[in-house]
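Worth knowing before you read on, the calculation uses all heavy atoms, side chains too, and leaves out hydrogens, waters and symmetry mates. We name chains A, B, ... by the order of the sequence lines, and we start the count at 1 in each one.
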Amino acid sequence: MEFQLSDEHRMLEKTVREFAAREIAPTIKELDRTHSFDPGIFPKMAEQGLLGICIPERYGGAGMDYISLGLACEELEYVDTSARVIMSVHVGLYSCTLFQWGTEEQKQKYLVPAAQGDVIGAFGLTEPNAGSDVVNLQTTARREGDHYILNGEKTWISLADVADHFLIFAWTDMEKKRRRDHSGISAFIVERGWPGLTTDTIHGKLGVRAGNTGSISMNDVPVPAENLLGQEGEGFKIAMSALDQGRYTVAAGATGLIRACLDASVRYANERQTFGVPIGRHQLIQQMIAYMAQRYEIARLLYLRAGWLKNQGIRNTRETSLAKWYACDAAFDSASDAVQIHGAYGFCDEYDVERFFRNAKGAVIYEGSREIHQLLQAEYALGYRQDRPLRCELPAYDPETWTES
Amino acid sequence: MHAIVCIKQVPDTTEVKIDPVRGTLIREGVPSILNPFDTYAIEEALRLKEQFGGKVTAISMGPPQAIEVLKEAVAMGCDEAILLSDRAFAGSDTWATAYTLSQAIRRLGPFDIIFCGRQAIDGDTGQVGPGIARQLKINQLTYVCKIQHIDFDKGEIRVERLLEEGREVVESRLPALLTVVKDINQPRYPTFKGIRRASRMEYPIWTAKDLEGANPAYFGLDGSPTRVVRVFTPPPRSGQTEIIQGETVQEQAAKLVEKLLAEKII
Amino acid sequence: MALLQINREECIGCEACVAACPFGALHMDEERKAVVDDKCTACGACVDVCPVGALSLPEVEAPAAGLEQYKGVWVWVEQLRGEAGSISWEMIGKGRELADQRKTTLTACVLGYHVEHIAHQAIAYGADRVILVDDPVLEHYRTEPYAAVLVDLIRQYKPEIFILGASTRGRDLAGAVATEIFTGLTADCTGLDIDPETGLLRQTRPAFGGNIMATIICPNHRPQMATVRHRVFEMPAPDHTRKGEIIRVNPHLDEEAIATKVVDFIREEGQVNLADARIIVSGGRGVGGPEGFEPIRRLAEVLGGAVGASRAAVDAGWIPYAHQVGQTGRTVRPDLYIACGISGAIQHLAGMQTSRVIVAINKDPEAPIFKIANYGIVGDLFQVLPALTEEFRKRLHK
């Protein structure tokens, strides 16, 4: 058993840490305050290789492993959640899913430019009336000749208004839709610019204000049949497998948020004095700090294990769900404590912790709410749920072939 | 084109704090880093390689763990990296350091240009660069903020040097040693490909024995003309604040100006 | 690679050395004996505090023979286009002091072209003797001819001490000369004095990012060379009646043999860089609005300083982020920091508390900024600043 990061992982961690400190930290307060998304971050992330970090070089990626994906997410969310969301959506949910399920032609056409960062991908599953209850989707895909015609409304889609390509989930079997049988759902790769597709931005979010979240409207959008991802009826399985990667990045990111809260709190507890001593000397402050330290270590071990399983090519839905559930709850509690430690200063945007607090809430809700993960873990424990092999599994990491161009 | 970059591992002095009670340095958690000024030197060498082809060699002197900064240099794009590490080098001041590095550089074979950061953030002397240049009998161009022109075939170089009063434009001949300032470029991040290469590469460690033809009397403490005789913490910021009183603001202003002039800071 | 020797028999495990080590190189092993690691720089801080004398460093060998031939204090007088900088006269002032302590003469080295007037100034400021090297090749400062001339002069005249200003040119030149001569050089000194027992020059300088001070000697090589920071030593008053000797030296320089040519000089116009500024006048929430920075700018202008700001003022949109001082802005370390209408939140203090002198101007006498300031004026900055600006203008003859 090896609990130490390799040289390669350590250097990658340091590089992304510096990248985030130099490219994101200086402007993040202003962007967050003005609810602005800065698309200028895409080319910078692309140049660094982040947008294809765990995709093999032959598909335009950087050829690193899945642990690298997690480490990068931790470092990005250490500075701000919005940057990590790009990784979750573009790499975790979109690119990894094409890598897992796409045909060679689809990979060449869509994965290569995505991994190089020339186009940005998003993930269109959630709808106004279908979040945790996936089979309540209303979007439909009607076959007409060599096309599918898509109609429907997606919402709470991260990067909706800035992405170029979308992975859209829609019913292809209307009979199964009526019966709520998820084997009637299919997945499609859809391009911006096709007739009938429009996007919009959602305003007034509690957190992740420097990130873009929006909606996608589809009104008779013609999608070529070859853009069906996987087979007809595999959409639900594709969506769930995509979440294994998405949730993994969210877990790793939330771990970074815990560390950010811990570092900010430790710094402040050493500086700020009350009753003639630094507040770090007060035991109730120490308790909050101790919990943050504990949560950080647990969250990190959980996500790194999930990443290791992915590297080995071992199914990890259960472990990833546990990591995501734990890390997001722990990040929210840590951010709340961090605000508490900062006192009145924590309540205003003089310090970063109020932003951490607002940002931490979202991840307790999305990519499987806290409650969904609790149900999953209970069902695994009770023996009600087990994962069956998929037609296409996420390929295991192979250091040799992933770096062949 | 062969460029050599001299780099140093230093404690991150911005992370150092003084224990207010004991008056000693708090060194727990002070990371060792690549001297920030050296990243500009590496970047400039890599830009020349991109423009003219050739190779960049990074060289450092220090304890075995200084390999870390060489890895960083390779991850950024340097082709080769060599560490000088030996008990015999211990206690080197800037003279002995410059001597040792210049001996190693001689052993590296022909080169066109040497880069150093303007100074290291732990010692802050800026003396090793000029020292190496003199040892190697090549031209030194310090505080360079821009290479205006370089022609390796003709051996020409024209640079801007950042001085107190402005930028001096200087022409010189190659090979030359340049020390560079922050304004010269924006260093790149290591690429993921570079990181993979850096973490899998072998790093030669040269000891005193490897520097054939060098005079061992010039290594380490023996080769160092200077000795540190005392180290102390500067007196902490005094808690005494003098509130300037006065009947009128003019009187207060006059008193304050008087005191500031007496402090010789204006 | 540590040079420190530890006598384990003697060590009593008191940890005095562990606490004293500025580099964290010492710790106690399981037998409670001191052990040293590679971080040791042989600075000797631990040797002095060990109560039982268990620690030692290699002895400084006996002075080399012939050092007594080296006599006199030398100063390099830096000049640009026939004008000597104040740093040179500060060197002369300090050099005079050192020469008097060593009961020897002070020599100024003036290199340049058409610079004889500087030789006379050097005598007025306190030099006993000037070595004047006036040659067209020396018109602009260049490392090669300047270093060559000084190396020859040092070999011929054998000075005991040689000090230069720690300007970019001074550091460039000193590094080259010391290497060529094979002598010690201490950069950026903030203190120079003569050890009364050994007669050696004690050179004190900040190290480790200013976190510690080190005193350095050069026991066995001559001259003892140092560069000195600007504005550390007092500028002496010139006495134009002083008499001194001027030695004219013909350097025999060949322009053709010098590879480096100065072809242009680009003067920097406009902005003072916050991080490099020697004087910073900063405004905070108390300035009340963008126009509130006007009196701050005027004071900064008279002082030749830069304008800083607290986060509160930047956030309010009164001044661009580039001016922000503090944890999320720039960290600065000027000689003089004047904080106007700044309360002194921790994250602001973190960015400026190592300034040499801090002046606080604030209406609120309880503002935390007064706790760390050297001087404070409790009052309205809109009254205090104009008065201060006027007073400086008068005193600085501007």
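A:E8 contributes no side-chain N or O that, together with a main-chain N or O of B:R197, makes up a donor-acceptor pair within less than 3.5 Å.
Judged as a salt bridge (charged side-chain N to carboxylate O under 4.0 Å, His left out), and not counting sequence neighbours, A:D65 has no contacts. Legend: residues meeting salt bridge (charged side-chain N to carboxylate O under 4.0 Å, His left out) with B:E50, ordered by chain and number and at least two apart, are B:R188. In this structure B:K146 satisfies the salt bridge (charged side-chain N to carboxylate O under 4.0 Å, His left out) test with no other residue, sequence neighbours excluded.
Note: A:R22 leads A:M64, A:M11, A:R22 in heavy-atom pairs under 4.5 Å with chain B. Here A:A62 is the residue among A:P399, A:A62, A:S6 with the most heavy-atom pairs under 4.5 Å with chain B.
With a 6.0 Å radius and a threshold of 12 heavy atoms from other residues, nucleotides or ligands, B:R200 has its CZ atom above the threshold. Annotation: A:Y291, atom OH; neighbour count of heavy atoms from other residues, nucleotides and ligands within 6.0 Å does not exceed 12.
Annotation: residues 69-81 of chain B contacts chain A through B:K71, B:E72, B:A75 [non-hydrogen atoms, separation under 4.5 Å].
Neither the backbone nor the side chain of A:E47 comes within less than 4.5 Å of any heavy atom in chain B.
Applying side chain to side chain donor-acceptor pair (under 3.5 Å) to B:Y189 and the options A:Q48, A:K44, A:E23, A:K14 leaves one that passes, A:E23.
Once rounded to the nearest 0.5 Å, the distance linking CZ of B:R196 with OG of A:S68 reads 9.0 Å.
Considering all non-hydrogen atoms of both residues, A:T15 and B:I195 come closest at OG1-CD1, 3.5 Å.
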